[in-house]
Amino acid sequence: MATLGIPQNTIEVLQKYNFNFQKKFGQNFLIDTHVLEKIIEESGITKDDFVLEIGPGIGTMTQYLCENAREVAAVEIDKNLIPILADTLSAYDNVEVINDDILKVDINKLAEEKNGGKPIKVVANLPYYITTPIIMGLFESHVPIDSITIMVQKEVADRMQVGPGTKEYGALSLAVQYYAKPEIVAIVPPNCFMPRPNVGSAVIRLTRHKEVPVQVNDEKLMFKIIRASFNQRRKTLANGLNNAPDIHLSKEVIQESIEELGVPVTIRGEALTLQQFAQLSNIIGSKIKFDS
């Protein structure tokens with residue numbers, strides 16, 4: 001039975017192993033059973049599912065996942081937590097703990113071995129500093145994913161689901177919305193964690209699109225354009241693209257492409273929708289091919 005959502009039980013485990021929180025890993029353990037139950041409910045996990053958990057910590061969420069999923073693989077970077085996980089998960093025979101950096105794990109291979117290559121569900125309580133690389137790594141490597149249900153800093157969750165013209169809107173918003181439908185499903189205050197973080201958190205569910213929502217000829221080029229547009233937010237879109245080291249086009253061709261999109265040359269990247277970025281990418285892509 002899952003017991004670690006109760007603060008006293010978490011404290012006992014930490015004291016038993018003299019565990020010290022590692023700031024470099026951004027460790028904040030959940031100590032709220034309601035939030036844990038909400039994550040399980042919103043992730044839609046059933047006994048048919050193979051679940052990848054990123055950063056299990058002492059196994060608080062892992063216990064809940066083991067009770068609800070067919071099988072769980074939990075990837076933990078901190079070797080000091082491995083003996084603790086062996087203890088806290090000893091009652092479950094449907095979990096494998098992998099001591100590694102999630103950015104170095106071959107998740108496609110894992111999905112193939114554990115789930116016959118069918119889409120997997122990902123659940124995680126992610127530290128702020130590594131949220132974007134992990135999410136982008138999962139999407140860009142085209143791992144077969146059904147959904148990603150993650151606890152992140154509230155501000156990051158907001159960024160994932162906003163639209164053009166807001167100050168939170170940026171490359172992360174566009175990337176997430178290109179690959180998935182984002183939906184904040186819970187707001188989690190600092191007192192639900194040990195130690196308490198300085199900021200509020202949110203649980204966001206990213207449901208993978210069956211088909212991407214826009215027609216784009218070159219995905220990599222579109223994301224180069226998106227990144228260049230937001231690298232210097234105060235600059236116009238034309239200047240951002242002109243200053244990008246990996247977009248080799250003259251200022252005239254860039255301006256011409258923006259005009260062809262049907263927007264003012266003075267527009268900023270933050271005003272463009274995902275659809276417009278896809279169209280601009282297709283316009284620029286045709287000119288690059290024509291130039292070469």
Side-chain angles (χ1 to χ4, degrees), residues 1-43 45 47 49-105 107 110 114 121-131 134 149-153 186-203:
M1 184 186 157
T3 57
L4 289 173
I6 299 160
Q8 191 51 44
N9 294 349
T10 294
I11 291 165
E12 276 174 24
V13 168
L14 296 175
Q15 286 175 344
K16 178 179 173 183
Y17 287 91
N18 292 319
F19 180 75
N20 294 312
F21 290 94
Q22 296 284 328
K23 200 160 185 180
K24 66 176 176 179
F25 295 138
Q27 289 168 336
N28 300 92
F29 300 155
L30 256 175
I31 47 164
D32 188 300
T33 54
H34 299 299
V35 175
L36 289 155
E37 284 159 9
K38 179 77 172 164
I39 292 170
I40 295 295
E41 180 194 333
E42 294 294 348
S43 59
I45 289 166
K47 284 293 182 188
D49 289 315
F50 167 70
V51 179
L52 170 65
E53 184 188 13
I54 303 167
I58 60 168
T60 310
M61 170 79 68
T62 325
Q63 291 184 341
Y64 281 78
L65 293 172
C66 289
E67 289 179 8
N68 288 276
R70 185 190 83 242
E71 193 174 356
V72 180
V75 179
E76 176 53 60
I77 193 169
D78 185 355
K79 66 179 188 305
N80 296 321
L81 285 167
I82 304 306
I84 301 179
L85 286 164
D87 181 357
T88 61
L89 302 177
S90 59
Y92 304 100
D93 59 5
N94 61 339
V95 59
E96 179 187 359
V97 176
I98 301 166
N99 182 203
D100 206 345
D101 178 346
I102 188 64
L103 298 175
K104 294 175 183 167
V105 173
I107 303 169
L110 201 60
K114 302 281 192 182
K121 287 180 175 161
V122 178
V123 176
N125 174 12
L126 292 180
Y128 173 62
Y129 75 97
I130 203 158
T131 299
I134 287 176
T149 307
I150 45 171
M151 172 91 68
V152 294
Q153 194 169 330
I187 305 299
V188 185
N191 63 354
C192 295
F193 297 92
M194 180 187 298
R196 285 176 65 141
N198 298 323
V199 292
S201 301
V203 179

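Below, each value reflects all heavy atoms present in this structure, side chains not excepted, and no hydrogens, waters or symmetry copies.
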Quiz item: So do the side chains of Leu30 and Cys192 get within less than 4.5 Å of each other, counting heavy atoms only?
Solution: yes
Practice problem: Using the test ring pair (Phe, Tyr, Trp, His ring centres under 6.0 Å), find all partners of Phe29 that sit at least two apart in sequence or belong to another chain. | Solution: Phe19, Phe21
Using distance only, find each side-chain donor-acceptor pair of residues 50-62 under 3.5 Å and give its atom names and separation, not counting sequence neighbours.
from: Glu53; atom 1: OE1; to: Thr62; atom 2: OG1; distance (Å): 2.6

Quiz item: Which distance, rounded to the nearest 0.5 Å, do you find between the CD1 of Ile31 and the CZ of Arg196?
Solution: 9.0 Å
Quiz item: Does a side-chain heavy-atom distance below 4.5 Å link Ile107 with Ile102?
Solution: yes
Practice problem: Kindly say whether Met194 contributes a backbone atom to a donor-acceptor pair with the side chain of Asn28 at under 3.5 angstrom? | Solution: no
Quiz item: Can you name the residues that form a salt bridge (Lys or Arg N to Asp or Glu O under 4.0 Å) with Asp49, not counting sequence neighbours?
Solution: Lys121
Quiz item: Just by modelled atom types, is the Glu71 backbone N or O under 3.5 Å from a matching donor or acceptor in the Lys47 side chain?
Solution: no
Practice problem: Could you tell me which non-hydrogen atom of Ser201 sits nearest to which non-hydrogen atom of Met151, and how far apart they are? | Solution: CB-SD, 3.7 Å
Practice problem: Walk me through it: do Asp32 and Val188 pass the test side chain to side chain contact (heavy atoms under 4.5 Å, CB included)? | Solution: CA-CA 10 Å; Asp32 188 300; Val188 185; over 6 Å; no
Quiz item: Between CG of Leu89 and CG of Leu85, what distance do you get to the nearest 0.5 Å?
Solution: 5.5 Å
Quiz prompt | Pairing residues for Gln153 by the side-chain hydrogen bond (donor to acceptor under 3.5 Å, both in side chains) criterion, not counting sequence neighbours | solution = none
Quiz prompt | Residue pair Ile82 / Glu76, side-chain heavy-atom distance below 4.5 Å | solution = yes
Quiz item: Considering all heavy atoms of both residues, which atom of Arg70 and which atom of Lys114 are nearest to each other, and what is their separation?
Solution: NH2-O, 2.7 Å
Quiz prompt | Test side-chain hydrogen bond (donor to acceptor under 3.5 Å, both in side chains) applied to Asp87 - qualifying residues, sequence neighbours left out | solution = Lys16, Tyr17
Practice problem: List in chain and number order the residues that pass side-chain hydrogen bond (donor to acceptor under 3.5 Å, both in side chains) with Asn68, two or more places apart in sequence or in another chain; answer none if no residue qualifies. | Solution: none
Quiz item: Which one of Val203, Ile150, Val122, Thr149 satisfies the side chain to side chain contact (heavy atoms under 4.5 Å, CB included) criterion with Ser43?
Solution: Thr149
Practice problem: Identify the two heavy atoms, one from Thr3 and one from Asn9, that lie closest to each other, and give their separation to 0.1 Å. | Solution: O-ND2, 2.8 Å
Quiz item: What are the two closest non-hydrogen atoms of Asn94 and Cys66, and how far apart are they?
Solution: ND2-O, 2.9 Å
Practice problem: Kindly compute the distance separating OH (Tyr64) from CD (Glu37), expressed to the nearest 0.5 Å. | Solution: 5.0 Å
Self-check item: Heavy-atom closest pair, residues Leu4 and Thr10
Solution: O-OG1, 2.7 Å
Quiz prompt | Nearest-0.5 Å distance, CD1 of residue Ile40 to CD of residue Glu42 | solution = 11.0 Å
Quiz item: Is there side-chain contact between Val35 and Ile39, with heavy atoms separated by less than 4.5 Å?
Solution: yes
Practice problem: Might you point out which heavy atoms bring Gly5 and Leu36 nearest each other, and give the distance in Å? | Solution: CA-CD1, 3.6 Å
Quiz prompt | Flag if over 12 foreign heavy atoms under 6.0 Å of CG, Asn191 | solution = yes
